[in-house]
Asker: 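Here's a structure for you.
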Amino acid sequence: MKLMLVDDDCLVVNALKMILESQPDLQISATAEDGSKAFSLYEQYRPDVLLMDIRMKEQSGLDAAAQILEAYPDARILLLTTFSDDEYIVKALKLGAKGYLLKQDYKNIIPAVRAVYSGQTVFGETIVSRIPELIGSRNSSPSPESFGLSGREFDIVRLVAEGLSNREIASHLYLSEGTVRNYLSGILNKLDLRDRTQVAVFYYQNTGR
């Protein structure tokens with residue numbers, strides 16, 4: 001797996017390289033010290049996963065991510081920061097970044113990279129639990145039909161957003177676990193989403209609950 005690192009702290013870059021390249025299948029193809037260089041390097045190396053700091057001097061990681069994702073919507077970008085800043089988290093969600101991870105959560109960096117590479121979205125437990133309050137609220141609630149979902153499918157979306165497992169959803173709705181999995185697969189396909197985290201984000205973005 002080819003990786004690219006963008007961070008203005010050389011000590012962080014070296015530390016991340018040591019952590020990531022301790023795995024035989026992970027290779028750092030390119031590094032940059034500022035977001036302003038991220039786009040050209042991404043075009044040149046086309047990494048499987050781009051790990052990028054948010055706060056940098058000339059151009060922030062969020063601005064660089066927006067530029068890259070506009071040209072390459074399938075880019076897998078994992079944003080790294082030492083700040084659990086609400087504004088950054090919301091922007092990362094809306095941009096379509098595949099992950100937002102605190103640097104101090106170093107033990108989860110390798111699993112996060114692998115998850116992002118496989119198509120999952122990674123925001124860390126503490127961040128996912130705050131998504132509802134970060135997205136904000138609206139007074140009106142759209143109907144399930146407005147998203148092309150049945151009432152049952154919308155119930156499952158709501159319960160996924162509340163953090164219930166497939167087994168818990170099955171018990172709650174008096175369904176089998178296999179039926180819940182089939183419903184969830186159909187929901188992901190209808191909404192063009194990849195995983196449960198994106199389902200939760202979709203729910204809170206569109207209902208404001």
Side-chain angles (χ1 to χ4, degrees), residues 1-10 12-13 15-17 19-21 23 25-103 105-106 108-124 127-128 131 134-135 188-202 204-206:
M1 188 193 313
K2 297 186 300 180
L3 307 176
M4 178 175 155
L5 297 176
V6 181
D7 197 300
D8 59 358
D9 188 331
C10 63
V12 170
V13 171
L16 287 174
K17 285 182 70 173
I19 292 170
L20 294 165
E21 291 188 332
Q23 304 296 302
D25 61 324
L26 302 183
Q27 174 190 356
I28 308 300
S29 299
T31 63
E33 68 275 8
D34 194 81
S36 61
K37 299 179 182 177
F39 184 81
S40 60
L41 280 177
Y42 185 90
E43 280 195 313
Q44 181 178 350
Y45 290 95
R46 297 298 297 273
D48 295 308
V49 179
L50 165 58
L51 294 90
M52 184 155 52
D53 188 20
I54 287 183
R55 285 193 176 185
M56 292 180 285
K57 293 179 181 177
E58 291 186 33
Q59 185 180 39
S60 74
L62 288 169
D63 289 340
Q67 185 180 13
I68 291 169
L69 286 166
E70 183 177 1
Y72 302 97
D74 294 330
R76 302 180 184 96
I77 300 176
L78 177 58
L79 293 167
L80 300 172
T81 183
T82 55
F83 303 94
S84 181
D85 187 291
D86 290 356
E87 182 181 355
Y88 292 160
I89 296 169
V90 172
K91 285 184 178 179
L93 287 167
K94 292 182 177 179
L95 274 177
K98 298 298 181 284
Y100 183 108
L101 199 65
L102 298 180
K103 292 179 186 176
D105 194 13
Y106 65 91
N108 285 323
I109 288 177
I110 290 175
V113 166
R114 296 193 190 284
V116 168
Y117 178 67
S118 69
Q120 298 179 50
T121 305
V122 179
F123 283 97
I127 293 171
V128 168
I131 287 175
L134 296 180
I135 294 300
L188 293 173
N189 185 56
K190 283 184 177 182
L191 300 179
D192 194 24
L193 303 174
R194 292 185 177 179
D195 53 49
R196 298 172 70 91
T197 301
Q198 289 190 343
V199 170
V201 171
F202 168 87
Y204 288 115
Q205 283 181 327
N206 288 282

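Predicted model only: the values in this text are computed from it and were never measured.
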Asker: Minimum heavy-atom separation for Glu58 and Ser36, please, with both atom names.
Answerer: OE1-OG, 3.5 Å
Asker: Hey, what do you get for CG (Leu78) to CE (Met4), rounding to the nearest 0.5 Å?
Answerer: 13.5 Å
Asker: Just one of Leu50, Leu51, Val122 clears the side chain to side chain contact (heavy atoms under 4.5 Å, CB included) bar with Val116, so which one?
Answerer: Val122
Asker: Can you tell me how far NZ of Lys17 sits from CD1 of Ile19, rounded to the nearest 0.5 angstrom?
Answerer: 13.0 Å
Asker: Above 12 or not: heavy atoms from other molecules or residues under 6.0 Å from OH of Tyr72?
Answerer: yes
Asker: Can you confirm whether Glu70 is buried at CD, in the sense that more than 12 heavy atoms of other residues, nucleotides or ligands lie under 6.0 Å from that atom?
Answerer: no
Asker: To the closest 0.5 Å, what do you measure between CZ (Phe202) and CZ (Arg196)?
Answerer: 15.5 Å
Asker: Ignoring hydrogens and geometry, is there a side-chain-to-backbone donor-acceptor pair from Asp53 to Gly61 under 3.5 Å?
Answerer: no
Asker: With a 4.5 Å heavy-atom cut-off, do Thr81 and Leu102 have their side chains touching?
Answerer: yes
Asker: Determine the minimum heavy-atom distance between Tyr45 and Lys2, stating which atoms define it.
Answerer: O-NZ, 3.4 Å
Asker: Check Asp195 with Lys98, please: is the shortest side-chain N to carboxylate O separation under 4.0 Å?
Answerer: no
Asker: Would you compute the distance between atom NZ of Lys57 and atom CG of Asp34 and round it to the nearest 0.5 angstrom?
Answerer: 9.0 Å
Asker: If you compare all heavy atoms of Arg114 against all heavy atoms of Leu26, which two are closest, and at what distance to 0.1 Å?
Answerer: NH1-CD2, 4.2 Å
Asker: Walk me through whether Leu80 and Val12 qualify under side chain to side chain contact (heavy atoms under 4.5 Å, CB included).
Answerer: CA-CA 11 Å; Leu80 300 172; Val12 170; over 6 Å; no
Asker: Take Thr31 and Val6, measure what side chain to side chain contact (heavy atoms under 4.5 Å, CB included) needs, and give me the verdict at the end.
Answerer: CA-CA 6 Å; Thr31 63; Val6 181; over 6 Å; no
Asker: Check the pair Thr197 / Gln120 against side chain to side chain contact (heavy atoms under 4.5 Å, CB included), numbers first and verdict last.
Answerer: CA-CA 8 Å; Thr197 301; Gln120 298 179 50; over 6 Å; no
Asker: Gly35 and Ala64: which non-hydrogen atoms are nearest, and at how many Å?
Answerer: O-CB, 3.6 Å
Asker: For the atom pair CG (Leu79) and CZ (Arg55), what is the distance rounded to the nearest 0.5 Å?
Answerer: 13.5 Å
Asker: In Å and rounded to the nearest 0.5 Å, what is the CG to CD1 distance from Leu41 to Ile68?
Answerer: 9.0 Å
Asker: Can you find a heavy atom in the side chain of Gln23 that is under 4.5 Å from one in the side chain of Val113?
Answerer: no
Asker: Indicate yes or no: at least one non-hydrogen side-chain atom of Val199 is less than 4.5 angstrom from one of Leu191.
Answerer: no
Asker: Just checking Lys37: does its NZ atom have more than 12 heavy atoms from other residues, nucleotides or ligands closer to it than 6.0 angstrom?
Answerer: no
Asker: Would Ile77 and Leu69 count as a side chain to side chain contact (heavy atoms under 4.5 Å, CB included) if you check the C-alpha gap in whole Å, the side-chain angles of each, and the deciding distance to 0.1 Å?
Answerer: CA-CA 9 Å; Ile77 300 176; Leu69 286 166; 3.9 Å; yes
